[in-house]
Amino acid sequence: MRTPIAASFKRLTRLLAGLLLAAPALAGGQITAETLDSPRLGRPLPYRLYTPGEGSGRLPVLYLFHGLRGDETDWPKDGGIAAILDAAIHAGEIPPLFAVMPGVGNSWYVDSEAFGPIATVLSDDLLPAIDTKLPTQACRTGRAVAGLSMGGLGAVLQGLRHPDRYGAIISLSGSLFDPVPPNADPAVLARFRMFGPVLGVPISVERYNAANPFLTLAALPTQGPRPDLWVAAGDDDYPMILVGSAKLHIEAQRAGLASEFRVIDGGHAWGTWRRGLVDALVWLGPRLKPCAD
């Protein structure tokens, strides 16, 4: 019997092989370096833009977030995103789309004194700028947000805080950790030193919980649009990440959201995330729909 792990690897191999065979006849997508002039941030926000080699009219947009110590070049360079998206588009698993990959440093995708109002810039500046610059499906059914590790947390926070703007969320090895009580032991707080200056040193419990995915999920309104989730982590990933990913899936289902959870063969590494994204795109494709008139 073919396992889900084998199926994922074979799908990636098949898609990429098909793309190579078809390369002379099919145009591939292009990745360009772009910047957003953001007065709110006080500096330009760099991003990479994937433009498909096929498709016409208004296209959906996939926002892709990088991980800790990464930048806007990670998905194009280490993630091989152009080849993955080209192959999925040519196979008909996703519609032609734009992909936007912002570079936000070690900001954890939250507003902070250390990095500025990153979360607000992403939701209130970058989205409208992309919809103005490009022929997009400028509605929640035409947008998805995905990320890995720190970016997985960022994708969950953005998607859950703005369910009117995103119809789907993808977290790959997301940093999805439990909230902590106000009187948390210093030893517990020390586990989260990776949040560094963003949440304080030592971390501020109030600021940490304000950016917590589980508390953000609990605050999601029961009425109105609700995003679908795809949550995945590697079987050899950090235990906190594997457990947190499974827990978010369970809590999302309890909250009435459509959620899928996958365990991928591998650890906290690009091979795991590339395979995970290939399967996530198959799930995402039918969810990207034109805006209602």
Side-chain angles (χ1 to χ4, degrees), residues 58-66 88 93-95 97-102 104 108-111 118-128 130-131 136-177 179 210-233 244-262 273 276-277 279-292:
R58 296 196 170 275
L59 304 180
V61 185
L62 172 63
Y63 289 84
L64 282 166
F65 293 169
H66 64 77
E93 294 186 329
I94 57 172
L97 52 71
F98 300 110
V100 178
M101 296 153 273
V104 301
W108 289 94
Y109 297 87
V110 301
D111 293 346
I118 289 294
T120 303
V121 168
L122 291 175
S123 62
D124 295 357
D125 296 346
L126 183 60
L127 261 66
I130 293 298
D131 290 337
T136 66
Q137 291 288 346
C139 59
R140 67 181 305 273
T141 58
R143 290 194 201 101
V145 58
L148 62 89
S149 193
M150 177 186 77
L153 170 64
V156 170
L157 293 177
Q158 281 284 313
L160 292 180
R161 288 174 175 170
H162 304 287
D164 58 327
R165 302 179 197 180
Y166 296 102
I169 302 168
I170 297 169
S171 171
L172 302 171
S173 299
S175 301
L176 309 171
F177 309 136
N212 186 267
F214 296 100
L215 296 178
T216 303
L217 174 61
L220 185 68
T222 56
Q223 303 296 321
R226 301 164 75 77
D228 295 347
L229 274 76
W230 175 279
V231 186
S245 297
K247 182 177 178 180
L248 185 73
H249 162 67
I250 293 169
E251 294 301 321
Q253 288 194 323
R254 286 176 175 169
L257 277 65
S259 179
E260 297 283 339
F261 175 60
R262 297 291 185 273
W273 301 324
L277 184 63
D279 281 348
L281 292 175
V282 176
W283 167 87
L284 177 63
R287 289 165 171 79
L288 293 174
K289 300 175 183 178
C291 302

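Listed by chain and residue number, Arg254 satisfy the side chain to side chain contact (heavy atoms under 4.5 Å, CB included) test with Ile250 (two or more places apart in sequence, or in another chain). Residues satisfying the side-chain hydrogen bond (donor to acceptor under 3.5 Å, both in side chains) criterion with Arg58, sequence neighbours excluded, are absent altogether. When the side chain to side chain contact (heavy atoms under 4.5 Å, CB included) test is applied to His249, the partners found at least two apart in sequence or on another chain are Gln253, Ser259, Phe261. With sequence neighbours excluded, no residue forms a side chain to side chain contact (heavy atoms under 4.5 Å, CB included) with Ala218. Residues passing the side-chain hydrogen bond (donor to acceptor under 3.5 Å, both in side chains) test with Ser173, sequence neighbours excluded: Asp237, Trp273. Judged as a side-chain hydrogen bond (donor to acceptor under 3.5 Å, both in side chains), and not counting sequence neighbours, the contacts of Arg165 are Asp124. Judged as a side chain to side chain contact (heavy atoms under 4.5 Å, CB included), and not counting sequence neighbours, the contacts of Asp131 are Thr136, Ala138, Arg143.
Under the side-chain contact (heavy atoms from CB on, under 4.5 Å) rule, Tyr166 has a single partner from Leu160, Thr141, Leu127, which is Leu127.
The minimum heavy-atom distance linking Ser245 with Ala232 is given by the pair OG-O, 4.0 Å. Of all heavy-atom pairs spanning Leu153 and Ala211, the tightest one is CD1-O, 4.0 Å. Of all the heavy atoms in Pro128 and Ser123, the pair that sits closest is CD-O, 3.9 Å. Listed here is the closest heavy atom pair of Pro163 and Pro225: CB-O, 3.3 Å. Taking both residues in full, the closest heavy atoms of Gly244 and Phe214 are given as O-CZ, 3.6 Å, listed atom of the first, atom of the second, then distance. Here the closest heavy-atom approach between residue Asn212 and residue Leu215 is recorded as OD1-N, 3.2 Å.
When side chains are defined from C-beta on, Leu157 counts as touching Val110, because their heavy atoms get closer than 4.5 Å. In this structure the side chain of Pro213 never reaches within 4.5 angstrom of the side chain of Phe177, judged on heavy atoms. No side-chain heavy atom of Leu229 sits less than 4.5 Å from a side-chain heavy atom of Ser171. Counting heavy atoms from C-beta on, the side chains of Leu217 and Glu251 come closer than 4.5 Å.
Considering CG of Asp125 and CD1 of Ile130, their distance stands at 11.5 Å, rounded to 0.5 Å. Within the model, atoms CG of Leu172 and CH2 of Trp230 stand 9.5 Å from one another, a figure rounded to the nearest 0.5 Å. The line from OG1 of Thr120 to CG of Asp111 is 3.5 Å long, rounded to the nearest 0.5 Å. The structure places CG of Leu277 at 9.5 Å from CG of Leu148, a figure rounded to the nearest 0.5 Å. Put simply, CG on Leu62 and CG on Leu284 are 6.5 Å apart, with the number rounded to the nearest 0.5 Å. Expressed to the nearest 0.5 Å, how far CG of Asp279 lies from CZ of Arg262 amounts to 7.5 Å.
The stretch residues 147-159 participates, sequence neighbours left out, in these side-chain hydrogen bond (donor to acceptor under 3.5 Å, both in side chains) pairs: Ser149-His268. Within the structure, salt bridge (charged side-chain N to carboxylate O under 4.0 Å, His left out) pairs that include any residue of residues 212-232 comprise Asp228-Arg287 (at least two apart or interchain).
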**OP:** Start with the C-alpha gap between Val231 and Glu260, add the side-chain angles, then the distance that decides, and say whether side chain to side chain contact (heavy atoms under 4.5 Å, CB included) holds.
**Re:** CA-CA 6 Å; Val231 186; Glu260 297 283 339; over 6 Å; no
Original post:
Yes or no on side chain to side chain contact (heavy atoms under 4.5 Å, CB included) for Leu122 and Ile118, after CA distance, side-chain angles and deciding distance?
Top reply: CA-CA 6 Å; Leu122 291 175; Ile118 289 294; 4.0 Å; yes
**OP:** Show your reasoning for whether side chain to side chain contact (heavy atoms under 4.5 Å, CB included) applies to Phe65 and Val145.
**Re:** CA-CA 8 Å; Phe65 293 169; Val145 58; 3.6 Å; yes
Original post:
Run the side chain to side chain contact (heavy atoms under 4.5 Å, CB included) check on Val156 and Leu176 step by step: do they pass?
Top reply: CA-CA 9 Å; Val156 170; Leu176 309 171; 4.1 Å; yes
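Listed for the Gln137 side chain is no donor-acceptor partner under 3.5 Å among the backbone atoms of Leu59.
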